[in-house]
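Report on the following structure.
What you see is a predicted model; the values in this text were computed from it and never measured. Note that these values count all heavy atoms, side chains included, but never hydrogens, waters or copies made by symmetry. First listed ligand is number 1; within each ligand, the first listed atom is number 1.
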Amino acid sequence: MQEKSPETAELRYGEKSLELPVLKGTAGDTALDIRSLRKLTGMVAFDPGFANTASCASRICYIDGEKGQLFYRGYPVEYLAENHEFVEVAYLLVHGQLPDPDERARFSELLNRHSLIHEDMQHFFRNYPEGAHPMAILSAMVVSLSTFYPELEASEDEEIDITVTRLLSKLRTIAAFSYKKSVGEAFVYPSYKLKYCENLLNMMFSSSVVDYQLDPVVVRTLDRVLTLHADHGQNCSTTTVRMVGSAGANLYASVAAGICALWGNLHGGANQSVIEMLERIAADGGNVERAIEAAKSGDRARRLMGFGHRVYKTYDPRARVAKKLYHDLARHLNIDDPLHEIALRLEEKALSDPYFTERGLYPNIDFYTGLIFRAMGIPREMFTVMFALGRLPGWIAHWLEQHADPEKRIARPRQLYLGPEPRPSQSSFSS
Ligand code: CMC
């Protein structure tokens, strides 16, 4: 239940006046409770894109968009990325606290135990056409999991851990298999001996002819990038997961829907679009000025990808970490990617242009992560799959939070109808 403050706000419309309760969040958020609005005035709230609507109360993640801060369960994301592994962050998001050594060991053991996918599911991969986008495969495979594995029924921690680790672990295997399918290579099975990100890289890049050598810096960088993605409040995909879950759909179906939402290039698909944009600029002789002028034209198709955010009106804290991670990784791998130089110039030019600063348009997480994935040898079609792997703990945590909420209601917004007025017509059903 949200904290009700003694404050109220008064709304006047014509002869009517309404006292609306003010709700306070724990970190300073203030919300106007408009649940009684329609009942008392006949009006609904109009807010396209839910830009100013809190669709739920949540205890998982806090974002201060003005200060550029992000917290998971109270911990700054930078602290978690530096000091904890992704698997621990996943545990934190789902359980509300970081695991102690015993909980950590048990969680890891479950991740290992559930890493295989049913042999029958492997046949599905074979029938996708050549060049199928791995996000489509990922979503279809996740909803298919519900036909092989039981739904989450109980609210016991043990039961939750099994379902959560099953999904976390299997999504990683599905992601790696989708990649192998796209390059026409045989699947590599997960290994008990490897940790979460090691396993992912090994399943993707080793083969009968390549003895892939795990580089601890690459592994740690990937782990940190997954942490940066792990949750982000009511973003489009998480709200999709909650919305689908609110109808009573199981976790797998809800997450599969979230994956589809993430695929869009205004959301998680932006990491792929950023690299494509940088390549277009490179093909244009590295002319960042022209790209910036085009982005200012108001043409949505020519926006700077990896720039701007609904919530952040300053530098996205995740982008700051990603920028540094790329810098360190490139130095370690001795890589000099010409797209990096273009990205740096693009950022510098944009941030000295009032069009961007006045609108609060700064690099977001997707601006530098594509370069990181590229440096690791991950193909661009897999970039958003990496985002999905990172976001999964957040989706699960939100689904569980909503599932346990005694006040949960099916998501069912209203609309402002602008179509034709009722037309003259007759029907024997209407008497
Ligand atoms: N390039 C140029 N102009 C932009 C951009 C951009 N990337 N983003 C927003 N604007 C302008 C927009 O034209 C509008 O200008 P005006 O006020 O003159 O009409 C103003 O900024 C506000 O834009 P908006 O469309 O109302 O903003 P929004 O909150 O609805 O959209 C966004 C947020 C992220 C979809 C948008 O900034 C965008 O399209 N960015 C590029 C795609 C991208 O990088 N997406 C990844 C987001 S971060 C990862 C994630 O969470 O998914």
Side-chain angles (χ1 to χ4, degrees), residues 47-53 60-66 68-70 72 77 135 225-242 258-278 280-281 288-323 343 346-347 349-373 380 383-395 398:
D47 185 21
F50 312 123
N52 203 36
T53 293
I60 300 168
C61 169
Y62 177 70
I63 308 169
D64 187 324
E66 268 66 39
Q69 294 173 335
L70 168 63
Y72 300 160
V77 71
M135 284 299 277
V225 170
L226 295 189
T227 289
L228 295 181
H229 287 97
D231 192 42
H232 212 233
Q234 294 313 305
N235 57 89
C236 180
S237 56
T238 302
T239 296
T240 300
V241 169
R242 289 187 84 121
I259 291 171
C260 291
L262 187 75
W263 192 2
N265 74 344
L266 296 185
H267 191 10
N271 51 17
Q272 180 176 340
S273 303
V274 168
I275 293 298
E276 287 160 358
M277 171 187 75
L278 294 176
R280 279 196 302 276
I281 298 173
V288 296
E289 289 77 12
R290 195 156 28 224
I292 286 185
E293 285 316 307
K296 287 157 61 175
S297 70
D299 178 351
R300 281 169 178 264
R302 300 203 287 170
R303 282 184 171 188
L304 284 194
M305 299 313 286
F307 257 74
H309 199 276
R310 174 62 61 76
V311 182
Y312 296 118
K313 295 303 159 205
T314 180
Y315 217 105
D316 178 338
R318 305 166 302 171
R320 208 183 292 285
V321 178
K323 185 176 181 179
L346 196 62
E347 176 186 335
K349 281 267 170 226
L351 297 190
S352 58
D353 186 321
Y355 173 92
F356 292 92
T357 49
E358 280 166 13
R359 287 170 177 75
L361 301 170
Y362 291 81
N364 60 50
I365 185 166
D366 293 315
F367 196 64
Y368 286 105
T369 51
L371 287 167
I372 295 176
F373 296 142
R380 72 185 63 171
F383 290 1
T384 313
V385 171
M386 297 294 137
F387 193 147
L389 285 174
R391 185 55 53 86
L392 181 62
W395 288 335
H398 281 272

Original post:
Tell me: protein heavy atom nearest atom 52 (O) of ligand 1, and distance?
Top reply: His267 ND1, 2.4 Å

Original post:
Among protein heavy atoms, which sits nearest to atom 2 (C) of ligand 1, and what does the distance come to when rounded to 0.1 Å?
Top reply: Ala295 O, 3.5 Å

**OP:** Determine whether the aromatic ring centres of His232 and Tyr312 lie less than 6.0 Å apart.
**Re:** yes

Original post:
Taking C-beta and beyond as the side chain, do Leu278 and Leu346 meet within less than 4.5 Å on heavy atoms?
Top reply: yes

**OP:** Specify the closest pair of heavy atoms between Ala319 and Pro363, including all atoms of both residues, with the distance to one decimal.
**Re:** CB-O, 3.6 Å

**OP:** List every atom of ligand 1 that sits less than 4.0 Å from any heavy atom of Gly268, numbering the atoms from 1 in the order shown and giving each element.
**Re:** 52 (O)

Subject >> Nearest-0.5 Å distance that lies between atom OH in Tyr72 and atom CD1 in Ile60 >> reply: 12.0 Å

Subject >> Protein residue, atom and distance nearest to atom 42 (C) of ligand 1, heavy-atom basis >> reply: Met305 CE, 3.5 Å

**OP:** Looking only at protein heavy atoms, identify the closest one to atom 40 (N) of ligand 1 and say how far it is in Å.
**Re:** Phe307 O, 2.9 Å

Original post:
With only distance considered, is Asn235 within less than 3.5 Å of ligand 1 through an N or O on each side?
Top reply: no

**OP:** Would you mind listing which atoms of ligand 1 come within a distance below 4.0 Å of any non-hydrogen atom of Ala270?
**Re:** 43 (C), 44 (O), 45 (N), 46 (C)

Original post:
Distance below 4.0 Å between atom 50 (C) of ligand 1 and any protein heavy atom?
Top reply: yes

**OP:** Can you figure out which of Leu266, Ile365, Leu304 has its heavy atom closest to atom 35 (C) of ligand 1?
**Re:** Leu266

Original post:
Between Tyr355 and ligand 1, which residue portion shows a heavy-atom distance shorter than 4.0 Å: side chain, backbone, both, or neither?
Top reply: side chain

Original post:
Going by heavy atoms in the side chains, are Tyr368 and Asp316 under 4.5 Å from each other?
Top reply: no

**OP:** Determine, considering heavy atoms only, which of Asn364, Leu361, Ile292 sits nearest to atom 9 (C) of ligand 1.
**Re:** Leu361

Subject >> Per-atom contacts of ligand 1 with Asp366, taking only distances under 4.0 Å to non-hydrogen atoms >> reply: 46 (C), 48 (S), 49 (C)

Original post:
For atom 27 (O) of ligand 1, is the nearest protein heavy atom under 4.0 Å away?
Top reply: no

Original post:
Is Tyr315 close to Lys323 at the side-chain level, that is, under 4.5 Å between some pair of heavy atoms?
Top reply: yes

Original post:
Is atom 22 (C) of ligand 1 in close reach of the protein, with a heavy atom under 4.0 Å away?
Top reply: no

Original post:
Tell me: protein heavy atom nearest atom 34 (C) of ligand 1, and distance?
Top reply: Gly308 O, 3.6 Å

Subject >> For Arg391, side-chain hydrogen bond (donor to acceptor under 3.5 Å, both in side chains) partners two or more places apart >> reply: Asn235

**OP:** Verify whether one side chain among Thr384 and Gln272 offers a donor that lies under 3.5 Å from an acceptor in the other.
**Re:** no

Subject >> Geometric class of the His229/Phe373 ring pair [parallel <30°, tilted 30-60°, perpendicular >60°] >> reply: parallel

Subject >> Option set Arg302, Arg359, Arg303, criterion heavy-atom distance to atom 24 (P) of ligand 1, minimum >> reply: Arg303

Original post:
With Lys296, which residues qualify under side-chain hydrogen bond (donor to acceptor under 3.5 Å, both in side chains), at least two apart?
Top reply: Glu293, Asp353

Original post:
Taking atom types as modelled, is there a side-chain donor on Thr369 or Asn271 under 3.5 Å from an acceptor on the other?
Top reply: no

Original post:
By number and element, which atoms of ligand 1 are closer than 4.0 Å to a non-hydrogen atom of Arg310?
Top reply: 28 (P), 29 (O), 30 (O), 33 (C)

Subject >> Close-contact set for ligand 1 against Gly306 heavy atoms, below 4.0 Å >> reply: 43 (C), 44 (O)

Subject >> Heavy atom of protein inside 4.0 Å of atom 45 (N) of ligand 1, strictly below >> reply: yes

Subject >> Separation between CZ of Arg303 and OG of Ser297, rounded to the nearest 0.5 Å >> reply: 10.0 Å

